[in-house]
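First comes the structure, then the notes that go with it.
Below, chains carry the letters A, B, ... as their sequence lines are ordered, and counting in each starts from 1.
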Amino acid sequence: MSEQTLTLDDHEHHEHGPAKGLLRWVFTTNHKDIGTLYLIFSLTMFFIGGMMAMVIRAELFQPGLQLVEPGFFNQMTTMHGLIMVFGAVMPGFVGLANWQIPLMVGAPDMALPRMNNWSFWILPFAFTMLLSTLFMDGGAPDFGWTFYAPLSTTYAPPSVTFFIFAIHMMGISSIMGAMNIIVTLFNMRAPGMSLMQMPMFAWSWLITAFLLVAVMPVLAAVVTMMLMDIHFATSFFSAAGGGDPVLFQHIFWFFGHPEVYIMILPAFGVVSQILPTFSRKPLFGYHSMVYALIAIAILSFVVWAHHMFTVGMPIGGQLFFMYSTMLIAVPTGVKIFNWVATMFKGSLSFETPMLFAVAFVVLFTIGGFSGIMLAIAPIDFQYQDTYFVVAHFHYVLVPGAVFGIVAGVYYWLPKWCGKMYDESLGKTHFWLSFIGLNLTFFPMHFVGLAGMPRRIPDYSLQFADFNMMASMGAFLFGASQLVFVYLVIKAIRSGEKAAQVPWESAEGLEWTLPTPLPYHTFTTPPVFESKL
Amino acid sequence: MRRFLHQLSITLAFFIPGSVYAAMEMNMPRGVTDTSHIIYDLHMLILWICVAIGVVVFGVMFWSIFYHRKSQGAEASQFHESTTVEVIWTVIPFLILIAMAIPSTSVLIDMYDSSDSDIDIQVTGYQWKWQYKYLGEDINFFSSLITPKEEIANEQAKNTNYLLEVDNELVLPINKKVRFLFTSNDVIHAWWMPDLAIKKDAIPGFINESWTRINEVGTYRGQCAELCGKNHGFMPIVVKAVTQYDYDIWVEEQQAAAIAKAAESEQEWTMDDLVAKGETVYQKNCAACHMVDGSGLPPAFPALNGSDVVLGDIETHMHMMYYGVPGSAMAAYGKQLSAVDLAAVITYKRNAWDNNTGEVISPADMQAYIDKQ
Ligand SMILES: [Cu+2]
């Protein structure tokens, strides 16, 4: 690779930049371009999924049916979930990985650049297909993002087939992205960088990539079985033909539980980069952080049925899944304690990335607490499928996964575009989001405990106050994301020039590179010296 | 002045619905069974443990945020490892978890023991209502939402039990062990009664068990908890717990009513009576999918106004009603409705909206068809 570049350099010009015109983005194999594409795609999906959330919250603003039909409401909850999970959060982290992994491990690019191009370009087609179902006869999928059979098979709208193929395409894209990351991290680290010296972000993505490669095929299997049930008269999930609807849930959650870690582990990585920088102190317990990541990943394969405590499992199964789920709290706790210990006795400052990272630790921990409560099978009977669960997973996904991505963007944006963002706009974005999201999701704990089921378009009167509060919070949160878009555009167009190391004590190979970043970096491998 | 205030409060209530609604509930109900009490206590225990851990963790964190700031001149120390501390904060959570697991396990084992029940009730979920069959008692009825459409559409003030009211409540005696057998006729539903701390999935083709023993007389309300299609939010559950004495009276009434109902099919029906009865049956059972005006929601739910089946051969129409369409949302109503109801709804459909066949299907015709099956 590097020899090739050298010969090119000799015969042609010294620096060769991006191709001209829009086709650059179609044919690019450059990890930076592809990272940008992923991030823009993720942001677009975040807004589309967010608009659906606004429809949901507007309908739930007051009791009674005001804006939408119950059938359309179900399409909104379903599409909101699918788009946020597969369209916003996962591509967001792949975008960060594309930008940062080569820069952080000293590689010139991803190991498989053409596959990288392909894995991105599948996504717009997959999501166009998924979104097109909204305009089909019978409407979009309306069976929840967890698409339990037989509601999603025998009783599904005709558009379910398009949904299945869209999922297949997303799966192919994710698997290719994950393989690329694994190969890059195993083969292209700078000389001298052992696995145990990789930055935490790289570690978190390595583990995530293994989870993806392991479980996306399971998702593909379950949607294929649905396809067979719908079109080829099999009965995997239909009791009438000798199948079992609960089998669907087992397979789905065997994918689904690791999936939730897929969405959070890279955020752990981002936060583990940011906290030490702004605490001006090394990450506490690097080794135990790595072991905790591995422990969480392994445990995530044996806890899936905690999503199914009410399906009527035998008591042995019930107890097994309760204990294994509780066990996950141990490595997760280790991570949280390590982050707090990193901040302890540091010299802290609170630039925007740090604000998002600190909020991440606090709010993710709250999501973790409700997670422990949900793990206890007998009390889960009272929480399962209520707004308490909705509150729980939004606490781990919004201030968890989404804040992770946003924190990463703030942290590395000055390096990517060579310009500084407007710090006070950043802080405004943070505080509005922080208030908005707590106003949205905290009251959901209360209505859930008081008995409000999830996925309903209308509710009884005792839930009215908290729902109105949640809706107002959601509108605030939604609107404040526009600040973010404005901030990014402003930074790129007219931001002040950023220093090579914009943060006082940022460590890592990415900061050894000049600002603005050349189109090709590390064409000759850097020399890595560990500080550990 | 008082009148003015009253007026004002009504006007305001329109804009700030919160102010007039029932008290804000913000915690799990303690419920009315021994199990629900234990579960509530366990919930509070775990909640407080989490709060305590939170106070410690966030305490340390906010301490650092306030006292270890660069702007306060804090110098960063450079420690980054301590095996002792790391072992401690792995082991302590582990011990706390064991402390949580022990009571949880014992409650769970108790909840799974549904032996020696006094009453057995089969609960079947349908899109979008519940069927209760008292096994061995010859009592069997459906229970569906009765909140008026106008309240849902905001054309009328909502009553206090908005969306949590049904036509036929599940009546249970207190202090008796009641065993439930849950199943479903179509998709998966979940029967959830917070005050009894029961939530169990009703799964087509499978039977799940659960039990309860209610301590207090009262009316308790819950909802379907598993997404089951369009009207998932509109299939509430109401349990009325009564004394054994009242329960016995209720059982007798039900049985007498069943006999009266059987007699109906022998009675002579005029077309007007049948159409009127058919309309009520239709509103209650069919309008959710086929809509009040028979226009349906194609392609999911076909229109009945002008439908070939409805206007065509009577035998085919009866077959459709009796067997439904297996593997679709159209249920087999032969199992759900009496001969009179079936005859009435068929007559109604053949004469409602733009359908003017003028044909009457008598309960006797329907009974004859049923007997052939
Ligand atoms: Cu239901």
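Atom CG of D385(A) and atom CD of E226(B) lie 4.5 Å apart (nearest 0.5 Å). Rounding to the nearest 0.5 Å places CG of L97(B) at 5.0 Å from CE of M326(A). The CG atom of L283(A) sits 10.0 Å away from atom NE2 of H80(B), with the distance rounded to the nearest 0.5 Å. To the nearest 0.5 angstrom, R454(A) atom CZ is 9.0 Å from H232(B) atom NE2. Rounding to the nearest 0.5 angstrom, the gap separating the OG atom in S347(A) from the CD atom in Q72(B) is 10.5 Å. Atom CD1 in I379(A) sits 7.0 Å away from atom NE2 in H43(B) (nearest 0.5 Å).
For L297(B), no part lies under 4.5 angstrom from a heavy atom of chain A. Residue N208(B) touches chain A through its side chain alone, counting heavy-atom pairs closer than 4.5 Å. Of the atoms belonging to N467(A), not a single heavy atom falls under 4.5 Å from chain B. Heavy-atom distances place both the backbone and the side chain of I65(B) under 4.5 Å from chain A. With a threshold of 4.5 angstrom between heavy atoms, I203(B) approaches chain A through side-chain atoms but not through N, CA, C or O. There is no contact between P157(A) and chain B, counting heavy-atom distances below 4.5 Å. Only the side chain of Y155(A) comes within contact range of chain B, with heavy atoms under 4.5 Å apart. Only the side chain of N154(B) has a heavy atom closer than 4.5 Å to any heavy atom of chain A. Neither the backbone nor the side chain of T153(A) comes within less than 4.5 Å of any heavy atom of chain B. For chain B, the nearby parts of L151(A) are the backbone and the side chain; heavy atoms of each come within less than 4.5 Å. If you measure heavy-atom distances from M61(B) to chain A, the contacts under 4.5 Å come from both the backbone and the side chain. Contacts between Y459(A) and chain B at a heavy-atom distance below 4.5 Å involve the backbone alone (N, CA, C, O). Neither the backbone nor the side chain of E209(B) comes within less than 4.5 Å of any heavy atom of chain A. Both the backbone and the side chain of F94(B) come within contact range of chain A, judged by heavy atoms closer than 4.5 Å. In this structure, the portions of V358(A) lying under 4.5 Å from any heavy atom of chain B include both its backbone and its side chain. For A292(A), no part lies near chain B; criterion is any non-hydrogen pair under 4.5 Å. With a 4.5 Å cut-off on non-hydrogen atoms, F369(A) touches chain B through its backbone and its side chain both. Both the backbone and the side chain of I53(B) come within contact range of chain A, with heavy atoms under 4.5 Å apart. For M308(A), no part lies under 4.5 angstrom from a heavy atom of chain B. When heavy atoms are compared at a cutoff of 4.5 Å, I39(B) approaches chain A by way of both its backbone and its side chain. Using a 4.5 Å cut-off between heavy atoms, F344(A) touches chain B through backbone and side chain atoms alike. Using a 4.5 Å cut-off between heavy atoms, L47(B) contacts chain A through both its backbone and its side chain. Looking at N159(B), the atoms closer than 4.5 Å to chain A (heavy atoms on both sides) all sit in the backbone: N, CA, C or O. Interface remark: P331(A) contributes no atoms to any contact with chain B (heavy atom separation under 4.5 Å).
The 12-atom threshold is exceeded at CD of Q156(B), counting heavy atoms of other residues, nucleotides or ligands nearer than 6.0 Å. The number of heavy-atom neighbours closer than 6.0 Å to NZ of K345(A), taken from other residues, nucleotides and ligands shown, is 12 or below.
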Quick one: do Q318(A) and Y112(B) satisfy side-chain contact (heavy atoms from CB on, under 4.5 Å)? Show the steps, please.
CA-CA 10 Å; Q318(A) 206 87 339; Y112(B) 262 68; 3.4 Å; yes
Run the side-chain contact (heavy atoms from CB on, under 4.5 Å) check on I188(B) and Q249(A) step by step: do they pass?
CA-CA 11 Å; I188(B) 300 177; Q249(A) 299 182 26; 3.4 Å; yes
Working note: M100(B) + I372(A), criterion side-chain contact (heavy atoms from CB on, under 4.5 Å); need CA distance, chi angles, decisive distance, verdict.
CA-CA 10 Å; M100(B) 291 176 174; I372(A) 294 180; 3.9 Å; yes
Go through L108(B) and F381(A) one step at a time and tell me if the side-chain contact (heavy atoms from CB on, under 4.5 Å) criterion holds.
CA-CA 10 Å; L108(B) 198 62; F381(A) 296 147; 3.9 Å; yes
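In terms of heavy-atom pairs under 4.5 Å with chain B, the best-connected choice from I456(A), L65(A), T154(A) is L65(A). By number of non-hydrogen pairs under 4.5 angstrom with chain B, the leading residue of T365(A), V362(A), D137(A) is V362(A). Between chain A and the options A300(B), P204(B), P93(B), the largest number of non-hydrogen pairs under 4.5 Å is found for P204(B). By number of non-hydrogen pairs under 4.5 angstrom with chain B, the leading residue of P245(A), G71(A), G333(A) is P245(A). The candidate with the highest count of non-hydrogen atom pairs below 4.5 Å against chain B, out of E69(A), R280(A), Q66(A), M322(A), is R280(A). Top candidate by heavy-atom pairs under 4.5 Å with chain A, chosen from G73(B), S210(B), C50(B), G222(B), is C50(B). Note: G64(A) leads A239(A), A450(A), G64(A) in heavy-atom pairs under 4.5 Å with chain B. Note on F182(B), F234(B), W63(B): by heavy-atom pairs under 4.5 Å with chain A, the leading option is F234(B). Options G233(B), S77(B), G54(B) differ in how many heavy-atom pairs under 4.5 Å they form with chain A, and the most are formed by S77(B). Looking only at heavy-atom pairs under 4.5 Å with chain B, the residue among I366(A), I336(A), N338(A) that has the most is N338(A). Annotation: maximal heavy-atom pairing with chain A below 4.5 Å, among G205(B), A225(B), A202(B), P236(B), occurs at A225(B). Per-residue counts of heavy-atom pairs under 4.5 Å with chain A were compared for F58(B), Y40(B), F301(B); the largest is that of F58(B).
Under a 3.5 Å cut-off, the side chain of D458(A) and the backbone N or O of I152(B) do not form any donor-acceptor pair. Of the possible donor and acceptor atoms, none in the side chain of D142(A) sits under 3.5 Å from a partner among the backbone N and O of G229(B). In this structure, the side chain of Q382(A) engages the main chain of P194(B) through a donor-acceptor pair within 3.5 Å. Checked by atom type and distance alone, the side chain of K199(B) never pairs as donor or acceptor with a backbone atom of T310(A) at under 3.5 Å.
Counting heavy atoms from C-beta outward, N27(B) and F446(A) have side chains that stay 4.5 Å or more apart. Counting heavy atoms from C-beta outward, M28(B) and Y383(A) have side chains that approach closer than 4.5 Å.
In summary, the side chains of H287(A) and E86(B) do not present any donor paired with an acceptor at a separation below 3.5 Å, with no hydrogens or angles considered.
Remark: K70(B) engages E504(A) in a salt bridge, criterion side-chain N to carboxylate O under 4.0 Å.
Taking the six-membered ring for Trp and thresholds of 30 and 60 degrees, F284(A) and F79(B) have ring planes more than 60 degrees apart, a perpendicular arrangement.
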